[in-house]
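Remember, it's a predicted structure, so these values are computed and weren't measured experimentally. Throughout, protein chains are lettered first and strands after them, A, B, ... in sequence-line order, and every chain is numbered starting at 1. Note that these values count all heavy atoms, side chains included, but never hydrogens, waters or copies made by symmetry.
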There are 2 protein chains.
Amino acid sequence: MPQPKPTQKQINKENLLSQGVTLLTHKGYHGTGLKEILDAVQIPKGSFYNYFGSKENFAAEVTQHYIAPFIKQLDAHLQNPDGDALGAIKRYFGELINELEQTDFKGGCLLGNLMGEIGDTSEVVRASLQQAVNQYRDLLQAGLAKAQQEGTVRTDKSAGEMADLLVNTWQGVLLRMKIDKSSVPLKQCCTNLLDEYFRN
Amino acid sequence: MPQPKPTQKQINKENLLSQGVTLLTHKGYHGTGLKEILDAVQIPKGSFYNYFGSKENFAAEVTQHYIAPFIKQLDAHLQNPDGDALGAIKRYFGELINELEQTDFKGGCLLGNLMGEIGDTSEVVRASLQQAVNQYRDLLQAGLAKAQQEGTVRTDKSAGEMADLLVNTWQGVLLRMKIDKSSVPLKQCCTNLLDEYFRN
DNA sequence: TTTTTCGAGACGACTGGTCATTTTTTATTA
DNA sequence: TAATAAAAAATGACCAGTCGTCTCGAAAAA
């Protein structure tokens, strides 16, 4: 039995990570105090250090907790038997744009925000971010490769390179979105890459 | 006489802004304490608040102080009479890549870092960031428009849209650079956009 | 010309509060 | 009871920002 009944410790950790995702996304690493997270989930400070050891380690775990649902969501679209891979990717990013519009373009991507803020000062967080981004990129690469086989995406450029470009550009447009308070950059990114540059 | 001899106040502000660029770029907004900046330039705290009023206003001025040299550098390339506009842009980004390689991919772009960290929490900084990015984008747009006239860049897509895509993608690859500690993303960005997608 | 007055700018010790982390105490479980 | 986990309390460092004092040059008065 893998997890028939989660222990209180597991529940607490889950709550902390979940709240951590929200707060770190919106207020950043140094902008979020431990007390703020602890108060939100009603867990004493001592327990936090028992669970995670340090704020840095916590942030590293938060990044993994953050990316998992996105991987799941994208994978669900790609696994969908009816519909081509390129269409699945486009629909996935369309959903992301919808969600961002509904949250008034606030927050953006936790990964991108942490990369900019502490990507080059905290080694543990850096490594965790790299792993999360690579996971995401690899799934995108697989989707693009499938689209290549289906003939919708050009084959003179590797799926890996296109996946990288897409991931990186997406991070860039998320930043631009935040200061322009607009989804136009997001849509332009999808159009330019998915509808034009990658097209066969 | 515009500025025959700068006052001590002007010198102090200049030093603070210059040090602010360095520290905010590498340690972020919340990661940099005022004391750290003040100690570095040997200026008392009272003077700081006399000059800037608040840390937030200071950061807003720092962003302007940060972007100016980049505008100048890119403009110098574009003004160069011998050589086409697309070549000038490519050479400019080549220089940026060189500089980033020499600084071990640390820091990245202050604008991008601040967009992620406080782009949606500080209104004054957000506005300043937007202005700085737009300045940069407009210059890039002018360069791309010139390249269109010269026949090296496609004309079926507006120079403005391409400038936006380039600026945004560049921000994204700078983040990726930080966690991969590699200039490969930077080079791929230039190749994909300037050598391929934008090409006529 | 010399003296006095005055005010703007410069200044740094100080404030209340928050920071992440550690140490100590209490509770739980084996 | 011994070992382990959880919670509370304590710790010192640091935070952005303030405020009363001081300095110094220019204007006013003598």
Side-chain angles (χ1 to χ4, degrees), chain A residues 1 3-17 19-24 26-63 113-114 117-118 121-126 128, chain B residues 3-17 19-24 26-63 114 117-118 121-126 128:
Chain A
M1 42 179 112
Q3 57 251 75
K5 54 170 175 176
T7 67
Q8 188 60 42
K9 175 173 179 172
Q10 286 171 320
I11 296 171
N12 284 349
K13 280 193 72 171
E14 166 68 29
N15 285 343
L16 282 167
L17 289 171
Q19 194 63 219
V21 165
T22 304
L23 287 171
L24 289 182
H26 286 83
K27 311 186 67 175
Y29 180 81
H30 288 113
T32 307
L34 280 189
K35 188 180 184 313
E36 199 173 356
I37 305 171
L38 267 15
D39 288 352
V41 293
Q42 300 265 58
I43 290 174
K45 211 173 240 194
S47 299
F48 175 91
Y49 278 90
N50 200 17
Y51 299 155
F52 298 102
S54 74
K55 189 187 184 184
E56 232 179 316
N57 288 340
F58 174 68
E61 285 202 42
V62 166
T63 63
N113 296 353
L114 288 184
E117 188 182 356
I118 50 169
T121 53
S122 166
E123 176 54 28
V124 280
V125 174
R126 197 210 109 255
S128 181
Chain B
Q3 54 260 69
K5 54 170 175 178
T7 66
Q8 188 60 43
K9 174 173 178 173
Q10 286 171 319
I11 295 172
N12 284 349
K13 280 191 73 170
E14 165 68 28
N15 286 342
L16 282 167
L17 289 171
Q19 194 63 219
V21 165
T22 304
L23 287 172
L24 290 182
H26 286 84
K27 312 185 66 175
Y29 180 81
H30 288 113
T32 306
L34 280 189
K35 188 179 184 315
E36 199 174 354
I37 304 171
L38 266 15
D39 288 352
V41 294
Q42 300 264 62
I43 289 174
K45 193 173 265 193
S47 300
F48 175 91
Y49 278 91
N50 228 345
Y51 299 156
F52 298 103
S54 73
K55 190 187 184 184
E56 234 181 312
N57 288 342
F58 174 68
E61 285 202 41
V62 166
T63 61
L114 288 183
E117 189 183 355
I118 50 169
T121 52
S122 165
E123 176 55 28
V124 279
V125 174
R126 196 210 108 256
S128 181

Original post:
Going by heavy atoms in the side chains, are A:I118 and A:H30 under 4.5 Å from each other?
Top reply: yes
**OP:** Indicate, with a heavy-atom threshold strictly under 4.0 Å, whether A:F52 touches base, sugar-phosphate, or nothing.
**Re:** nothing
**OP:** Identify which nucleotide among D:dA7, C:dA20, D:dG17 has an atom closest to any side-chain atom of A:K45, counting heavy atoms from C-beta outward.
**Re:** C:dA20
**OP:** Find the distance A:Y49:OH to C:dA20:P and express it as a whole number of Å.
**Re:** 6 Å
Subject >> side chain to side chain contact (heavy atoms under 4.5 Å, CB included), paired with A:V62, selected from A:V125, A:L16, A:V21 >> reply: A:V21
Subject >> Rounded distance (Å) that lies between atom P of D:dA10 and atom CG of A:L34 >> reply: 19 Å
Subject >> Distance, rounded to the nearest Å, where A:K27 contributes NZ and C:dC19 contributes P >> reply: 9 Å
Subject >> Gap between atoms OH and C1', on B:Y29 and D:dC15 respectively (whole Å) >> reply: 11 Å
**OP:** Specify the separation, in whole Å, of atom CG of B:N12 and atom P of C:dA10.
**Re:** 8 Å
Original post:
Does any non-hydrogen side-chain atom of A:L23 lie less than 4.5 Å from one of A:Q19?
Top reply: yes
Original post:
Nearest to the side chain of B:S47, which nucleotide is it out of C:dT22, D:dT18, C:dC11?
Top reply: C:dC11
Original post:
According to a strict under-4.0 Å criterion, is A:N50 in side-chain N/O contact with OP1 or OP2 of D:dA6?
Top reply: yes
Original post:
Relative to the 5' end of DNA chain C, which residue comes earlier, A:G46 or A:G31, by the nucleotide with the nearest heavy atom?
Top reply: A:G31
Subject >> Rounded distance (Å) that lies between atom C1' of D:dC14 and atom NZ of B:K55 >> reply: 12 Å
Subject >> Distance in angstrom units between A:H30 NE2 and D:dC15 P, rounded >> reply: 10 Å
Subject >> Side-chain heavy-atom pair B:F48, B:I37 within 4.5 angstrom cut-off >> reply: no
**OP:** Would you mind reading off the distance between B:K13 atom NZ and C:dA10 atom P, rounded to a whole angstrom?
**Re:** 11 Å
Original post:
Considering only side-chain heavy atoms of A:K35, which listed nucleotide, C:dC11, C:dC19, D:dT18, is closest?
Top reply: C:dC19
Original post:
Out of C:dA10, D:dA16, D:dA7, which has the shortest distance to the side chain of A:Y51?
Top reply: D:dA7
Original post:
Is there side-chain contact between B:Y49 and B:L34, with at least one heavy-atom pair below 4.5 Å?
Top reply: yes
Subject >> 5' priority, DNA chain C, between A:E56 and B:P44 [closest heavy atom] >> reply: B:P44
